[in-house]
Amino acid sequence: MVAFYSPFAIRYSPMQIIGQDLVCERGGRTVFHDVSFMVNRHELLQLTGPNGSGKSSLLRMIAGLNDPAAGTLNLDGGHADLTIGQQAHLIAHQEAVKLALTVAENLAFWAGFLGGGDVGNALAALDLTRLAHYPAGLLSAGQKRRLSLARLVLVPRLLWLLDEPTVGLDTASQQRLAGMMTEHLAKGGMIIAATHVALGLEPARRLDLGPRA
Amino acid sequence: MVAFYSPFAIRYSPMQIIGQDLVCERGGRTVFHDVSFMVNRHELLQLTGPNGSGKSSLLRMIAGLNDPAAGTLNLDGGHADLTIGQQAHLIAHQEAVKLALTVAENLAFWAGFLGGGDVGNALAALDLTRLAHYPAGLLSAGQKRRLSLARLVLVPRLLWLLDEPTVGLDTASQQRLAGMMTEHLAKGGMIIAATHVALGLEPARRLDLGPRA
Amino acid sequence: MQTLANPARFVGLANAVLPFVWVATIILFAIGLYGAIVTSPPDYQQGETVRIMFVHVPAAWLALMVYTVMALASAVAIVFRHPLADVAAKTAAPIGATFTFLALATGSLWGKPMWGAWWVWDARLTSMFVLFLLYIGYMAVWQAIDEPHRAALVARIVALVGFVNIPIVKFSVTWWNSLHQPASVFRIDGPTIAPSMLWPLLVMGLAYTLLFLALHLVSIRAEVTARKIRQMRLAEIGER
Amino acid sequence: MSLILALIRRDLTLAFRQGGGVGTALGFFLTVVVLLPIGLGPDQALLQRLAPGALWIALLLAVLLSADRIFQQDYEDGSLDIMAMGPMPLELVALAKAIAHWLASSLPLAVAAPLLGFLINLDPAAILPLALAMGLGSVALSLLASIGAAVTVGLRRGGLLVSLLILPLYVPVLIFGVSASTAPGAGPDIATPSLLILSAMALASLVLSPLAAAAALRSYLK
Amino acid sequence: MSLILALIRRDLTLAFRQGGGVGTALGFFLTVVVLLPIGLGPDQALLQRLAPGALWIALLLAVLLSADRIFQQDYEDGSLDIMAMGPMPLELVALAKAIAHWLASSLPLAVAAPLLGFLINLDPAAILPLALAMGLGSVALSLLASIGAAVTVGLRRGGLLVSLLILPLYVPVLIFGVSASTAPGAGPDIATPSLLILSAMALASLVLSPLAAAAALRSYLK
Ligand code: HEM
Ligand SMILES: Nc1ncnc2c1ncn2[C@@H]1O[C@H](COP(=O)(O)OP(=O)(O)OP(=O)(O)O)[C@@H](O)[C@H]1O
Ligand SMILES: Nc1ncnc2c1ncn2[C@@H]1O[C@H](COP(=O)(O)OP(=O)(O)OP(=O)(O)O)[C@@H](O)[C@H]1O
Ligand SMILES: [Mg+2]
Ligand SMILES: [Mg+2]
């Protein structure tokens, strides 16, 4: 079963994600073109750019949900049998939270589906333990966002694709997220994060998607 | 028809919104209690507090959408025949944008429903003119947020209730929003804004909803 | 009013009254059944099957009455915002649905010898069936909305809107020509039924009513307790 | 008044732009009409007798199917919050949206039904009474559906619950609708009283539905 | 395999928690069964003849009504994106969700139908064949519905479009379902071949539906 692999198994081997000359088309319109980037292990790539410049589109493209209109995307040194998406977490604007399930049930499902993980641990990491048996439909905006972020801790994956991850988080949670990211990088993970605000840790690389307003 | 009134007609008369000993209950649980505040004309009240402390709930309460479990809410010196909600704009997490309509059609509908307003003007204020005939379903997260904020400019109203208004906005738009807020206050308006980040202008008053996490 | 307004007081009151209600229910059933089975004669047309009447008719009456109670309680809840009124309406529904089912089932049993079919789609039967559906729908609303407060607001509307059906059930036999018996007890010109059958029927009606009262009190009490527990659990989560 | 019109106009635009509105409603209707002879057997005379009833049932189901979302989207995207704050009473909002639903979904069906009738051997003499009865009945159907839609707006899978709640209210409409749709001379002349009762039901729901729907909506906005 | 089970378990939990799942589906079914005699007239013999067909049509519509959201919610809240990235092929996701739909919505209906049959004078001898045919047929219905649900998942008002797309696929199920549901001896013995054909259809849709549904879903995620 492909689900049970350890993303950090080959700990010291180098890995990189390389995007070359990527072109994104959405609804028949070119959103960006000739975007190239590279991320190594231990590195955070921070995506910036005005609204509509294609940050979310690029993250989805890396996750394998959109096909690039041109250009190539490769994970060198990664798990050969898996797509990039299968080695990545995507935290998008939509939170993938089931309102009718409790907080714990939401995570338990993803743990089962994504191949095992410690729910209690993930809840604690985002200070949701107290809300574990609360229906997710009753959560506030920031609490729901935290539930979505808990997936990062739940199942270890090599690459984190974060689309404006700090949105709605209170100060304490922003710091907690920054801590999680630092730790992930330290373990040898990679992060690509789109954001309009500071993330609380210094990115190793930056990519600005240009001048569109 | 109540819709056509000028919120700034009685320009120099004093007005205040006063909330006293408000108690908020949601789902049978007390979210906050004994919250009191006051906002005068020309003033911005900044609501802060950790996730789940009840910022969004308080804004909805002021808008008249939730009933307070106890306490009173008054707009002294306001339009006597109108509820507070009818003199206020609420920009909430949900954006009230119809994805099947174009950007301009969305605003045109609200202009008609809320009692007249200049669509072109509102589009320009949020730099959406270029996207006017674009279906709102194709907008990026920040663009959609801007469309929602355009309602503020579209129809003049005395009180702005803003729930994390900067979420998703790029730097230029954040500045534009700060400019709009400054102008609204200068004209004699009032603003109550919940936020976890800096808004780009100094609040006259602050209300912290306490220690809940 | 103030006494009843307090759910805790109500529970006390219910505890005090319930034993008497139960005893009265049992006695009335005993008398009613004695009259129904022993003293009342077999019908000259229907023979012994007429005895189904003593189960069927009171059940049908109660089906209508309980919905009326529900609608009234909902109206009270809207006007006076009395928390117990919603509980009363909510807990009446399953009991009313049971009576409705009983009326449907016994009527159907009775229909086979009388009309030669278990079921016909005439106005009385159809509207009664619709009543059953309304009970189910009303209960589904409570079940579908997690928050009791919100569920109450919605359920009130459903109960009141559905009340339209009650006069339709009651007068369906008058308005449309129907296979079903027209009213013979509660009519303006007095009952048209033999006294030897009438009194056991009325006693049974009373017994059913008391049975409803007893069951209703029990389930209101249970609901009040359940809410208290829920409140405590939520407060526990809310403790931060 | 202009606010009501603005709302109706918007809802019509949305109905026509999303998922085809009228087109898909008609399609569904057509398909039900096709299924009936398959399910019930191809006997001509029988079909002719069943035609008005079958058309009415199809109309009812189609309205119901399209109705469960009268308020859903506006509730989910926050538009309803703003409408509840705005200058127009929520009762009028509910009324306007029910009218828009009638114009976009029910009325086209009521117009098309008699024409589709030929597929299932509708008696030509019954076309006019059927059209009249459906025109009137569909008003009541849309308005009653708006109650159901409002009552279930906060529920994720309200689609079926709405049927359960509203179908009982539809039963009288169906009964009188079918009896008003018989060809003249086909039975005792009950068409006219039935038509009158249908009108009464349409009027009553015109008054009561907005009240009930607005009350239900308010309880969800709380 | 455990992933499939996790998904099925979740979908069942959601179905039971939201809007009552089985309960409301049954309610709808019940109500359609009520409408038919009202619309078509209370003639006993006629109803008995029409009963199996009417029950089948009701089953079809109930499945259809509950089906349009098999993928909708997961699409809207982003869960489907994550599933598409995840370790399980989208085909299996589609299959698991169709199975969950069958368990939560179609199967209970297929079990209840013969019991409700007595309301419309179903011939008691027809109960067993009907139950068998519906048990088999409902598999095909749920799976085919999942295609329709996937094809319309990105559309806001897919509810009617899905009917339009899927009803044609349902027609063969209906034809053979009805003919498999006749009481033994009521006609030439076509029940057994019809049952075989129904099984074949269930199997075919078991293989083809997940492929079609996954392809449709992928095109929306793009
Ligand atoms: C499933 C089938 C039936 C249903 C749903 C049904 C329903 C009802 C209802 C709702 C009432 C109460 C009427 C009122 O309070 O005005 C009633 C009363 C009654 N039913 Fe039935 N019924 C059914 C079958 C029958 C049959 C087969 C008989 C006998 C031939 C019968 C005889 C009566 C009588 C005698 C009354 C009392 C009428 C009166 O005194 O007001 N019912 N039934
Ligand atoms: N489904 C879609 N179909 C067609 N065009 C789309 C679609 N989604 C987004 N777009 C367009 O693609 C462009 C990029 O969108 P994207 O969401 O990637 O921007 P972004 O950089 O994430 O912006 P933001 O900072 O506002 O989130 C936008 O101009 C948008 O209008
Ligand atoms: N519909 C609801 N029913 C019951 N409880 C709710 C509901 N909505 C929110 N709550 C609860 O009310 C509390 C306050 O929520 P609210 O959305 O007002 O918080 P907030 O301060 O805006 O948080 P955030 O910063 O995350 O947006 C939360 O604990 C939440 O769980
Ligand atoms: Mg984005
Ligand atoms: Mg909030």
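In this text, all values refer to a predicted model and were calculated from it rather than measured experimentally. Proteins get letters first, then strands, A, B, ... in listed order; numbering begins at 1 in each. Quick note: numbers below take in every heavy atom, side chains included, and nothing from hydrogens, waters or symmetry partners.
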Shortest non-hydrogen contact from [X] to [Y]?
| X | Y | answer |
| --- | --- | --- |
| C:I157 | D:A215 | CD1-C, 3.5 Å |
| D:S219 | C:L153 | CB-CB, 3.1 Å |
| D:L165 | C:V141 | CD1-CG2, 4.0 Å |

Is C:V161 in contact with chain D via its backbone, its side chain, both, or neither, using a 4.5 Å heavy-atom distance?
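Contact with chain D is through both the backbone and side chain of C:V161.
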
C:T126 versus chain D, the contacting section by heavy-atom distance below 4.5 Å
side chain

Among C:R156, C:H149, C:R150, which residue forms the greatest number of heavy-atom pairs with chain D at distances under 4.5 Å?
C:R150

Partner chain D: residue of C:L133, C:V164, C:L134 with the largest heavy-atom pair count (under 4.5 Å)
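Option with the greatest count: C:L134.
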
C:N165 side chain near D:P168 side chain, heavy-atom distance below 4.5 Å
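No, their side chains stay 4.5 Å or more apart.
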
Which value, rounded to the nearest 0.5 Å, describes the distance between C:I168 atom CD1 and D:I175 atom CD1?
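Reported to 0.5 Å precision, the distance equals 8.0 Å.
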
Take C:V130 and D:Y170 through the test side-chain contact (heavy atoms from CB on, under 4.5 Å) and record every step on the way to the result.
CA-CA 10 Å; C:V130 165; D:Y170 276 11; over 6 Å; no

Need one label for D:V171: side chain, backbone, both or neither, based on atoms under 4.5 Å from any heavy atom in chain C.
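Interface part for D:V171: side chain.
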
